[in-house]
Trainee: 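Handing you a structure now.
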Protein chains: 2
Amino acid sequence: MPDSPTGRRQPSGSASDSLRPRRDARSMPSLEEVAHRAGVSRSAASRALNNAPHVSPLKREAILKAAEELGYVPNATARALATNKVGSVVLVVPNEEPGFFADPFFSQIVVGIATALEKSDLVLTLMLASSGEGSDRLKRLLRSRSADGVMVLATRKDDPLNDIIESTDLPVVFCGRTLGREPRWYVDADNRGGARLAAEHLLGAGRRRIASIVGPMDSQASVARYQGFVDAVAAVGLPTDWIEEADFTYDDGARAMTTLLDRHPDLDAVFVGSDNMAAAALRVLKARERSVPDDVMVVGFDDLAVAQQAEPSLTTVSQPIRSLGHEMALMLMRVIDGESPSPIILPTHLVVRESAPSAERG
Amino acid sequence: MPDSPTGRRQPSGSASDSLRPRRDARSMPSLEEVAHRAGVSRSAASRALNNAPHVSPLKREAILKAAEELGYVPNATARALATNKVGSVVLVVPNEEPGFFADPFFSQIVVGIATALEKSDLVLTLMLASSGEGSDRLKRLLRSRSADGVMVLATRKDDPLNDIIESTDLPVVFCGRTLGREPRWYVDADNRGGARLAAEHLLGAGRRRIASIVGPMDSQASVARYQGFVDAVAAVGLPTDWIEEADFTYDDGARAMTTLLDRHPDLDAVFVGSDNMAAAALRVLKARERSVPDDVMVVGFDDLAVAQQAEPSLTTVSQPIRSLGHEMALMLMRVIDGESPSPIILPTHLVVRESAPSAERG
DNA sequence: ATGAAAGCGCTAACAC
DNA sequence: GTGTTAGCGCTTTCAT
């Protein structure tokens, strides 16, 4: 057998080899080839291509030129092995979350992360951690050193993911928090403050019989939003127990609104823990022939597209989802670089629309 | 300096080293250690752990046990370098798409892919290919051999991405197609057939003045949907040019509906190229005091959550977004394995709801 | 400033 | 069936 170009022993070619779209080293120049073409050693080439010192300007020039001409791109795997840096970070998404981390949330976070990563040369790998089998994969992924760091979207209190994540020695940054845990690094939205603004807005509009549809109480964000609600409502001595829990989905939001209406027919405002559920609430209120905002004011949370498109449009607490992703990625990069950044709480603010205008109408 | 445990020359420790959360080989057992503990050679250990032949049951047992006890997980990077298989596939998402590949679409595709990948040990890496700088990254990513294959969400006709993708020698599978290109491997929904069903439904309900809001005509899916519309409408000799193009966003959908209404005040049905735009159309029709479905029937496309939640709920063409992702990933895995699967067109079907019921009312 | 050479942790060809 | 060994393509130390 003739020597292979790379000098490696070749497997005896099987019949099937020719069938495969073999994308071999053929067209992938190696450092060695660049060095050879530039007439220098591999180490020199390596140094030049990494902007390292100890290369004469002349050679550096030649090497860069050679690399350019050959279309050289370093083999990421080999580099990773040599440097013990993988060049990728993983985003862990607790799967099967009914609605909280549903569509718009997820995509926006990803976009935020991607824009942050764009400047680095880190690549984003995604891990949808469904329960059961999925967590085994995650465990292996983390132990197999195939990422330099981990980002995690907020988990529920008893998610088995929590322990898996906690047991890795990779840097981990959270988006949101988990009840009963205080991660070292996280970014979060000011859920409590935002919810307080919402409730104060309702109070400011003169409403005094305020109910709330809260998200699942094993979610830290839901609890924080409820606390914000309590902050405002308790401060003026009103009851804080006109509440109903729902699982962040549209359907369960509708159910909760119905329940509240049955229990407190005289309610004149409702603060809802997510826009999706708020949209459902609007629907129920309409069916029950309560006019919004005249009879009942509604404030949501998130400021998704649905808030603008709802009828009437939804007053809601806006949280900067993309920024959350962006900041999370930036923070992770800093941690990977050995820094120890402080947690970040991003501000939320009220967006006033038709479902709860600023001044009482009529 | 004392020998390092791994025998590698150590860099002289700098001051900053101690600051960093060094996650060193310390707790990461290597194959060598497993082999040693089991009292066999590295190759034996490797064979056993990969279920390869030529290992006596006894040793195999011992090796597996040792690995278990040490919590051994192979170093993915090293394995990748040795096998020339990376163990990951990349999903390329054309970024800045106004609405077509917006929120729900993107997440659902990803979920479909993730479930398909779960059984393999491939990992998903994400590449949001914004224009400009982003495409450079993509080029490098593809050339640096950091993935075993590529999945691409349908691009627009003149997207610079097209050329980049075409120039890679990695296996590529598309979701959807691109105008003027016929990829070797792709999955797609039966857009044309679904649109035809929609139009036929309208005709079957007795409507004869049918308009259509079509998506951007540089998107293959939009064109296919328009063709399906034409298939049905032209067959009965009705005009097929009551159409207005919109960019898949809610706002532009609203604008298009307004335009159509101005141009053809007597229209009695409209087929809309996406649910988002259809929701906007409903809104406009309501504002214009056209009753849906009595005055104007509306059929959408996609069957997103918004279709059920709209008021009236939206008759729409359902396309299996998750399956699209799932099949795309399965197909890619087959291509990576050297097979050459045929393209797949997944069926679409009509979901009849209030905005265009089956029988004329009244 | 430069190049030779020793690895990174794993797989696979080869000889026994 | 088993161990030895030569790489995968890159980085980095060390000697020059």
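Quick note: numbers below take in every heavy atom, side chains included, and nothing from hydrogens, waters or symmetry partners. Naming: A, B, ... by sequence-line order, numbering from 1 per chain.
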Trainee: Tell me which nucleotide among D:dG9, C:dT11, D:dT11 gets nearest to the side chain of B:N50.
Mentor: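 Per side-chain heavy atoms of B:N50, the pick is C:dT11.
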Trainee: Do A:S41 and C:dA4 have a side chain to base donor-acceptor pair shorter than 3.5 Å?
Mentor: no
Trainee: Salt bridge check: are A:E69 and A:K65 linked by an N-O gap of less than 4.0 Å?
Mentor: yes
Trainee: Between A:K85 and A:D121, does a salt bridge (charged side-chain N to carboxylate O under 4.0 Å, His left out) hold up when you go through it step by step?
Mentor: CA-CA 11 Å; A:K85 284 169 181 315; A:D121 35 33; over 6 Å; no
Trainee: Start at the 5' end of DNA chain D and walk down; is the nucleotide closest to B:P57 or to A:N75 reached first?
Mentor: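 Nearest-nucleotide comparison on DNA chain D picks B:P57.
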Trainee: Can you find a side-chain donor-acceptor pair between A:T155 and A:T178 that sits under 3.5 Å?
Mentor: yes
Trainee: Quick one: does B:R145 reach the base of D:dG9 with a side-chain donor-acceptor pair under 3.5 Å?
Mentor: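 It does not, because no donor-acceptor pair links the side chain of B:R145 to the base of D:dG9 below 3.5 Å.
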Trainee: For the side chain of B:A82, counting heavy atoms from C-beta on, which of D:dG9, D:dG7, D:dG3 is nearest?
Mentor: D:dG7
Trainee: Does CD belonging to B:E182 count more than 12 external heavy atoms closer than 6.0 Å?
Mentor: yes
Trainee: Check the distance between D:dG7's C1' and B:N84's CG and give it to me in whole angstrom.
Mentor: 13 Å
Trainee: Rounded to whole Å, please give me the gap between CZ in A:R79 and P in D:dT12.
Mentor: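 Rounded to whole Å, this separation is 9 Å.
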Trainee: Quick one about A:R184 and A:S340 (side-chain donor to acceptor, distance below 3.5 Å, no hydrogens or angles considered), yes or no?
Mentor: yes
Trainee: Could you check how far NZ of B:K85 sits from P of C:dA12, rounded to whole Å?
Mentor: 10 Å
Trainee: Would a distance-only check, ignoring hydrogens and angles, find a side-chain to backbone donor-acceptor pair under 3.5 Å from A:N162 to A:R156?
Mentor: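 Yes; judged by distance alone, with no hydrogens or angles, the pair exists.
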Trainee: Just to confirm, is there a sub-4.0 Å distance from OP1 or OP2 of C:dC10 to any side-chain nitrogen or oxygen of B:S46?
Mentor: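 No, outside the criterion.
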Trainee: So which one's nearest nucleotide on DNA chain D is more toward 5', B:A78 or B:R60?
Mentor: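 This one resolves to B:R60.
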Trainee: Whole angstrom is fine here: how far is it from CD1 in B:I63 over to C1' in D:dG1?
Mentor: 11 Å
Trainee: Looking at A:D159 and A:L161, would you say the former's side chain and the latter's main chain have a donor-acceptor pair under 3.5 Å?
Mentor: yes
Trainee: Can you tell me if the side-chain N/O atoms of A:Y72 get under 4.0 Å from OP1 or OP2 in D:dG9?
Mentor: no
Trainee: Any donor-acceptor pair under 3.5 Å between the side chain of A:S30 and the base of D:dG9?
Mentor: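 No.
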Trainee: Hey, does the side-chain of B:S43 have a donor or acceptor N/O within less than 3.5 Å of a partner on the base of D:dG3?
Mentor: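 It does, because a donor-acceptor pair links the side chain of B:S43 to the base of D:dG3 below 3.5 Å.
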Trainee: Given atom CZ of A:R47 and atom P of D:dC10, what is their separation to the nearest angstrom?
Mentor: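 In whole Å, D:dC10 P and A:R47 CZ are 16 Å from each other.
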Trainee: Angle, rounded to 10°, between the helical axes spanning five pairs at each terminus of the helix from C:dA1-D:dT16 to C:dC16-D:dG1?
Mentor: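 Roughly 40° between the end axes, to the nearest 10°.
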Trainee: Could you check how far CG of B:L31 sits from P of D:dG3, rounded to whole Å?
Mentor: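 Taking CG of B:L31 and P of D:dG3, I get 13 Å after rounding.
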Trainee: Would you mind reading off the distance between A:H54 atom NE2 and D:dT11 atom C1', rounded to a whole angstrom?
Mentor: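 About 14 Å, once rounded to whole Å.
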Trainee: Using the test side-chain contact (heavy atoms from CB on, under 4.5 Å), find all partners of B:A114 that sit at least two apart in sequence or belong to another chain.
Mentor: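 Testing B:A114 for side-chain contact (heavy atoms from CB on, under 4.5 Å), a comparison that skips the adjacent residues, returns A:L128.
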Trainee: Could you give the CG-to-C1' distance, from A:L49 to D:dC10, as a whole number of Å?
Mentor: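 It is 11 Å, rounded to the nearest whole Å.
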